[in-house]
Amino acid sequence: MANIVVFGAQWGDEGKGKIVDMLAERADAIVRFQGGNNAGHTLVVGDEKTVLHLIPSGILHQGKRCLIGNGVVLDPEVFLSEVDKLTQRGVDVSPERLKVSRKTHLIMPYHRLMDAARENSLSDKRKIGTTGRGIGPCYEDKVARVGIRAADLTNPELLRRKLRRALIEKNVLLTHLYNAEPMDAEKIFDDLQPIAARMAAYLGDVSSEISAVEDRGGVVLFEGAQGTHLDIDHGTYPFVTSSNTVCGNASTGSGCGVGRLHRIIAVVKAYTTRVGAGPFPTELFDADGEYLQTKGSEFGATTGRKRRCGWLDLACLRESVRLNGPTELAITKLDVLSGLAQLKLCVAYRYEGQEVAFPPQVENGMGLVEPVYESLPGWQEDISGVKSWAELPEAARVYLTRVKEVLGVPLGLISVGPDREQTFRP
């Protein structure tokens with residue numbers, strides 16, 4: 001059986017959680033490999049909605065192994081809060097089926113404080129749009145080799161030394177640059193003790209867990225967070241997240257050999273959205289944009305912020321295909337387009353007097369382009385109950401076929417609503 005990677009091909013919020021939840025039924029283990037609780041995956045099963053920020057979306061499928069890899073930065077308080085909320089709903093989140101890599105870096109209180117202080121110090125034009133959850137500062141400490149890892153929770157003296165060392169620099173910045181109160185290492189250490197006691201049971205060797213599943217012929221499903229164009233290397237820098245969101249990081253962020261990634265699914269919303277700051281070539285400021293925002297209920301699952309909406313950007317997606325090499329597309333929220341008389345597809349950009357197929361690789365490159373559009377007829381029918389390709393209106397089939405032609409990637413899944421059952425293969 002082939003292992004599967006699910007990644008977002010736009011700026012996040014593509015509907016990855018729903019696709020992972022659906023595919024988890026046939027997987028043996030589901031692995032989250034990057035990001036932190038700045039991501040939110042919304043799952044709808046019947047009349048019940050679940051929003052997860054750290055625990056893999058496969059947790060709602062009883063008996064499935066759920067793993068959090070070393071590429072994640074984990075806020076232990078948020079993790080345990082999710083565990084408690086799921087437990088109250090009767091979901092099995094016992095350590096027997098949910099594991100966190102001992103190598104996973106932990107978000108500390110000073111990371112959250114630094115994140116907020118730094119963003120608040122910037123002018124509106126320079127703000128990144130961070131969620132303020134300490135993600136960036138935690139990744140910074142990881143790269144600077146002063147981070148706190150999950151395994152450190154089981155070694156009190158090491159944890160105390162590392163907290164003291166980390167706060168030497170942090171407190172200078174907090175007090176002298178951001179005019180904030182210094183933080184006390186001993187208080188943080190004391191506050192962590194009950195958390196450490198609970199976390200210890202969840203710690204494990206995720207790389208070995210993955211290998212064990214593969215050795216017995218099982219399927220591993222890798223769940224990405226955010227989207228390709230928020231990647232720290234390949235996204236719209238500096239308006240990006242602090243981790244590699246491309247599917248190649250499924251290997252690095254989990255301890256799995258890259259040759260074991262087989263089926264690569266690019267999740268693509270049928271239009272484009274973005275939360276926070278940064279360039280957005282196809283953004284709409286008219287009635288069509290308002291229609292997409294309202295009908296699509298476009299509010300961030302993590303922050304609640306209103307998502308910016310625009311036409312589907314195939315030039316942006318062409319770059320995602322080049323970076324990730326997907327074997328198929330999963331198109332989500334196609335039903336939101338119902339009711340629009342005309343649809344537009346951005347098939348290229350105009351940049352410095354020339355038509356280009358990919359985003360310019362310069363700072364704010366996407367902010368310097370003009371989209372080149374193709375117009376296609378829309379459809380009026382409600383398609384939320386459609387179960388097959390043949391049942392789609394002709395205009396919807398034409399729209400999807402054009403997307404497939406431009407990107408050169410087969411259509412694998414089509415979603416016409418938030419529920420598990422509102423998805424089919426074309």
Quiz item: Looking at R165 and D141, does any basic side-chain N land under 4.0 Å from a carboxylate oxygen?
Solution: no
Quiz prompt | Carboxylate-amine/guanidinium contact K99 D205, below 4.0 Å | solution = no
Practice problem: With sequence neighbours left out, write down each residue that passes side chain to side chain contact (heavy atoms under 4.5 Å, CB included) with Y373, or none if nothing qualifies. | Solution: T282, W311, K344, C346, P371
Practice problem: In plain terms, say whether R133 and D115 are close enough for a salt bridge, that is, a side-chain N and a carboxylate O under 4.0 Å apart. | Solution: no
Self-check item: M183 versus L167, closest heavy-atom pair with distance
Solution: O-CD1, 3.7 Å
Quiz item: In terms of heavy-atom contacts, does CD of E363 have more than 12 from other residues, nucleotides or ligands at under 6.0 Å?
Solution: yes
Quiz item: Does R160 make a cation-pi contact with F189, if we ask for NZ or CZ under 6.0 Å from the ring centre and within 45° of the axis?
Solution: yes
Practice problem: Flag the pair E77 and R198 as a salt bridge only when some basic side-chain nitrogen lies within less than 4.0 angstrom of an acidic carboxylate oxygen. | Solution: no
Quiz item: Yes or no on side-chain contact (heavy atoms from CB on, under 4.5 Å) for L113 and K170, after CA distance, side-chain angles and deciding distance?
Solution: CA-CA 10 Å; L113 185 57; K170 299 291 188 300; over 6 Å; no
Quiz item: Q10: what forms a side chain to side chain contact (heavy atoms under 4.5 Å, CB included) with it, not counting sequence neighbours?
Solution: E14, V268, K269, T272, L312, L317
Quiz item: How many angstroms lie between atom OG1 of T241 and atom CG of D231, to the nearest 0.5 angstrom?
Solution: 9.0 Å
Quiz item: With no hydrogens and no angle check, do the side chains of Q361 and Y237 hold a donor and an acceptor under 3.5 Å apart?
Solution: no
Self-check item: Salt-bridge contact R425-E328 (side-chain N to carboxylate O under 4.0 Å)
Solution: yes
Quiz prompt | Salt-bridge contact D152-K162 (side-chain N to carboxylate O under 4.0 Å) | solution = yes
Exercise. Decide, yes or no, whether a salt bridge links R402 with E374 under the criterion of side-chain N to carboxylate O below 4.0 Å.
Key: yes
Quiz item: Any chance CD of Q354 has more than 12 other-residue heavy atoms, nucleotides or ligands included, within less than 6.0 Å?
Solution: no
Quiz item: Going by an N to O cut-off under 4.0 Å, is there a salt bridge joining R260 and E214?
Solution: yes
Exercise. Look at the rings of F79 and Y202 and say which category their plane angle falls in: under 30° parallel, 30 to 60° tilted, over 60° perpendicular.
Key: perpendicular
Practice problem: Answer yes if the side chains of H53 and D75 hold a donor-acceptor pair under 3.5 Å, and no otherwise. | Solution: no
Quiz item: Taking NZ, NE, NH1 and NH2 as the nitrogens, is one of them in R307 or E283 under 4.0 Å from a carboxylate oxygen of the other?
Solution: no
Quiz item: Is the NZ or CZ atom of R322 both under 6.0 Å from the centre of the six-membered ring of F358 and within 45° of that ring's axis?
Solution: yes
Quiz item: For the atom pair OH (Y291) and SG (C309), what is the distance rounded to the nearest 0.5 Å?
Solution: 12.5 Å
Quiz item: So do the side chains of P418 and K18 get within less than 4.5 Å of each other, counting heavy atoms only?
Solution: no
Exercise. Assess whether side-chain contact (heavy atoms from CB on, under 4.5 Å) is satisfied between H105 and N70, documenting all intermediate values.
Key: CA-CA 7 Å; H105 280 251; N70 56 277; over 6 Å; no
